[in-house]
Structures are given as structure tokens and as C-alpha cells.
> 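One structure, as C-alpha cells, below. Some questions next.
When a residue number appears, it is its place in the shown sequence, counting from 1.
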Amino acid sequence: PPRNSTHCSIFMYGDLTDKKTIDKIQKTFDHYESDFYEVLLYTKNRTPIWLYMQVAPIRNENDKVVLFLCTFRDITLFKQPIEDETTRGWTKFARLTRALTNNRNLVQQIAPLSKTEVSQRPSRLAEALQLGSDIMPQYKQEAPKTPPHIILHYCTFKTTWDWVILILTFYTAIMVPYNVSFKTKQNNLVWLVLDSVVDVIFLIDIVLNFHTTFVGPAGEVVSDAKLIRMNYLKTWFVIDLLSCLPYDIINAFENVDEGLSSLFSSLKVIRLLRLGRVARKLDHYLEYGAAVLVLLVCVFGLVAHWLACIWYSIGDYEVIDETTNTIKTDSWLYQLALSIGTPYRYNTSGTGQWEGGPNKDTLYISSLYFTMTSLTTIGFGNIAPATDGEKIFSVAMMMVGCKYSITLQHQALCLIFIKKKILNHILENNESSRSDIT
């Protein structure tokens, strides 16, 4: 194919082909127009023939021209009837009558024209062979026929809904680990209402998934209601159902047993499994290098957030020895409390438990700071692991950071290599174009 997608280079051009017609055909391709021409072309054995050529741009569902449909019809008999052995000695009118008789379909298309119509059109033949808007088919992707209650998985509504679910899934991926690790109860009415709305939306998503088409193993769109339900029940139904249960409303009650509340908080982690569906929806963006880098940065921040919640949970579990009811002075939480002036203290007159320490905002920021510096291997040592559990987790976290940095560098190098190849290709095309002009 030619370098320029709109450049028309027909091998059937010859010496007798009209140059003006060639230019008109080229302009039709350049301007993505629909037009028709009578043009003299040449066959493989260099025999000249007259053809009626019609050019029709084919547009996709986004109204962009993706290809051209060129229709050719032999009209040599109309322009200059050819004398062969069977018609030798016949008059020109007799040969033309024989040709029209053999092609009855063409005769039926010829209609009488008024004088004004003749003056507005190139010829009677062009009017006879022209495909009007009522004849020319629309080459667009036809949506498969589905029952009224079935939604196409690629329609505008479902695409918008999937983006809403995507955003809410990221919201749960951030809030669920934080609420579980820091053992927060949603006593704030605003957050409780927001989480309840998210649960309702996830519940609606379950209902919609029972009525949404999917792509079968052979690439076909499955719209049968029974198959859709069976497929959803076998794949994501259990995970989606567990992720939309109102755990926050249960935990909001004061009289809930502590063990039951911890169980419900732990079950909220199941919502993170929905990220598997998010990864599948973002898969088609991986062909763009810049999109890959943005996704890697977002994943880095999400992983750092998760590790920060785990790091705090380890410190909170080890800072107080429940068997002896004593505090471990080498724990990072104890050292942090001393450094910021909010030490732990033992309440002897009231509950008989350890109280005080940094607030939750300070604890989360300090945990995130430590995980960020550890993942990037530039730790400053002001927050350092002391117990065995903290050291093991720190080693694992640094290994994850090394792996992630290698992946990020590899993607950056691939992006630079691709841009270099594209630049070289553009320069080569420019040099070729200059040489052709010369």
C-alpha cells in the first residue's frame, strides 16, 4: 500500500487515461467524498476498457472514514461498441441493442430524464448506474439483536456505568485497608451515608450483570439470558455479593460484639478482589506507553498505602504485650510516640489499659512515609524496624520495591525505544518523499 493512506495509485492507468479524471479521483479520496466517474482504464494485457467507477467512503460508528468502497462497471459498449466475430458486419446500433438485451438489469435501471436533469448530470449512463442513498448500504457495525431486558456490554450506558464502578472500586481499595487496620467505626454520618451509597451501587451492579451480554469463547456476543446468568453465577457473583454487604452499618452500632465487629471488618477485604475486574477493563490501555507509566505510578501509590496499613497493624499488635500487659519500648510506635511528645501511659485508676500515643492521622502519615522510603530504598532511619516481625516485613517490602523499580525502568526504556523508532520512521518517510519530488 502507498505511504499516504489517501493516495490513489491505480495500476490500471494508461496513456489514454484522462489526466483531469485522475486528478478528480485523487481529490475525492483526499476529501473523503462520494463521487462517480467514467474513466478509461487498461486490463492486464493492456487492452483499454471504459469503466464506470463509483467511490464511496465507509465510516465506522465514530463517523470516521476507515476505508473506501470502489465499484467498477464495464461500460465499453456504451462508449464504443466493440466488433467481434459474432457481430461482424452488424451496424453500431445493432451491436448496442444486442448488448443491452443481454443485460436486462442494466436496461431496467435506465429511466427517462428531463432536460434539466440531463444538464445537471454528466451523462444518462451515470444517472442509470448511480447508487443513490436509498440503494447504497450503510457499512457500519450493526448492533446484535438482543431481548429488551438485555444490555450490550459495550453500549454507552454500560461503559459509563463501568467507569463509575471503577472509581468506586478504587475508593474501596483505599478505604477498606485503612478501616480494617486502624479499626475505625464509621460513626461519622457523612462517611456512613457515603459507604452505604457505595454498597447500594454495588448491589445495583449485581442486578445489571445478570442482564449484560458477554463475549463467548469464540469471540461472539452472548445475549441469551440463561447463559448470561449461568456465566455470572460461575464467575464474579459470589465476590460481588460479599463485597456489597453493609459491613459499615453493622460496625456502626455500639453494642456489637468486638469479635463479630472484627470479623465483619476482615470480610471487607474481600472487596479488594474486585480489582481483578478493574485490571481486565484497563487491559486495552496497556498498548500506550504513557498510559502504562501512569498506571504503574497509581499502582505504586496503592501498594504503598496497603503496606502502610500492614506496617501499622504489625506495630499496633506488638507494641503491647497482652500476656504481661507491658509495653515494648523497642517498638516503632513507642519510639514515634516519644519523639512527637505523646507517649503511652498506663491508666491505673480507670480501665487498667495503656492509653495515649499518636493520633490516627499521625500514625497513618508516618506509616505511609516509612513504606514510601522503603519501597524507593532511600530510608532515612528516623522510623526503623526493631522487632523481628517488623524486620521481616521490612525485608519483604524492600524486595517488592526493587522488583517494582526494575519494572518501571523497563517500561520507561521501552517507551523511549518506541519513540525513537517512530522518529526514525518519520525521518525516513520525509527523506523518501523529498527524493520522490526530486
Side-chain angles (χ1 to χ4, degrees), residues 147 149-215 222-283 298-299 301-303 305-306 309-310 313:
H149 61 281
I150 299 299
I151 304 173
L152 290 173
H153 63 278
Y154 55 84
C155 67
T156 304
F157 167 75
K158 194 60 174 65
T159 303
T160 306
W161 179 264
D162 288 341
W163 276 106
V164 173
I165 296 298
L166 174 67
I167 296 173
L168 295 181
T169 303
F170 274 112
Y171 167 78
T172 57
I174 294 173
M175 295 304 299
V176 166
Y178 178 83
N179 293 333
V180 172
S181 299
F182 290 85
K183 301 175 182 177
T184 59
K185 284 191 175 183
Q186 297 289 37
N187 295 325
N188 190 319
L189 182 60
V190 176
W191 287 106
L192 184 60
V193 171
L194 179 60
D195 289 338
S196 300
V197 171
V198 172
D199 294 337
V200 172
I201 293 177
F202 282 158
L203 183 60
I204 296 175
D205 184 59
I206 293 178
V207 178
L208 291 179
N209 286 330
F210 275 114
H211 299 82
T212 303
T213 61
F214 68 95
V215 180
V222 179
S223 59
D224 184 78
K226 184 177 180 181
L227 295 178
I228 291 174
R229 292 167 188 149
M230 292 300 297
N231 178 74
Y232 184 54
L233 287 173
K234 293 178 181 178
T235 53
W236 292 97
F237 172 72
V238 177
I239 295 175
D240 291 346
L241 180 62
L242 293 176
S243 65
C244 71
L245 295 179
Y247 304 109
D248 296 318
I249 296 179
I250 298 174
N251 289 334
F253 294 102
E254 296 292 341
N255 56 351
V256 176
D257 182 71
E258 188 68 23
L260 186 60
S261 177
S262 300
L263 176 62
F264 283 133
S265 297
S266 301
L267 287 176
K268 291 168 62 177
V269 181
I270 298 177
R271 293 182 175 181
L272 299 183
L273 296 177
R274 295 179 67 96
L275 289 175
R277 300 177 66 180
V278 174
R280 187 175 58 181
K281 295 182 184 299
L282 295 178
D283 182 65
C298 294
V299 172
L302 192 60
V303 170
H305 168 73
W306 291 348
C309 295
I310 299 175
S313 299

> Nearest 0.5 angstrom please: Met175 CE to Phe170 CZ, how far?
16.0 Å

> Closest heavy-atom contact between Ile150 and Thr213?
CG2-CG2, 3.4 Å

> Using the rule given for side chain to side chain contact (heavy atoms under 4.5 Å, CB included), can you reason through Phe202 versus Ile165, listing the C-alpha separation, both sets of side-chain angles and the distance that settles it, and then say yes or no?
CA-CA 8 Å; Phe202 282 158; Ile165 296 298; 4.1 Å; yes

> Tell me, please, which residues at least two apart from Ile204 pass side-chain contact (heavy atoms from CB on, under 4.5 Å).
Trp161, Val200, Leu208

> Is it true that Asp162 and Tyr154 share a donor-acceptor pair across their side chains at a distance under 3.5 Å?
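No, no side-chain donor-acceptor contact under 3.5 Å.
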
> Hey, what do you get for CG (Asn231) to NZ (Lys226), rounding to the nearest 0.5 Å?
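Here the interatomic distance stands at 14.0 Å.
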
> Report yes if the side chains of Phe210 and Leu233 come closer than 4.5 Å at any heavy-atom pair, otherwise no.
yes

> Looking at side-chain heavy atoms only, is the closest gap between Thr212 and Ile228 below 4.5 Å?
no

> Is there a side chain to side chain contact (heavy atoms under 4.5 Å, CB included) between Asn209 and Trp236? Walk through the geometry before answering.
CA-CA 9 Å; Asn209 286 330; Trp236 292 97; over 6 Å; no

> How close do His305 and Ala173 get, heavy atom to heavy atom, and via which atoms?
CD2-O, 4.0 Å

> Which atom pair, heavy atoms only, marks the closest approach of His211 to Arg229?
NE2-NH2, 4.3 Å

> Only counting residues at least two apart or in another chain, list the ones meeting side chain to side chain donor-acceptor pair (under 3.5 Å) with Ser313.
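Residues passing side chain to side chain donor-acceptor pair (under 3.5 Å) with Ser313: Ser181.
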
> Which residues pass the side-chain contact (heavy atoms from CB on, under 4.5 Å) test with Val238, not counting sequence neighbours?
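Partners of Val238 by the side-chain contact (heavy atoms from CB on, under 4.5 Å) criterion, ordered by chain and then number, come out as Leu242.
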
> Kindly determine whether Asp240 and Phe237 satisfy side chain to side chain contact (heavy atoms under 4.5 Å, CB included), including the steps that lead there.
CA-CA 5 Å; Asp240 291 346; Phe237 172 72; 5.8 Å; no

> Between Ile201 and Asp205, is there a side-chain heavy-atom distance shorter than 4.5 Å?
no

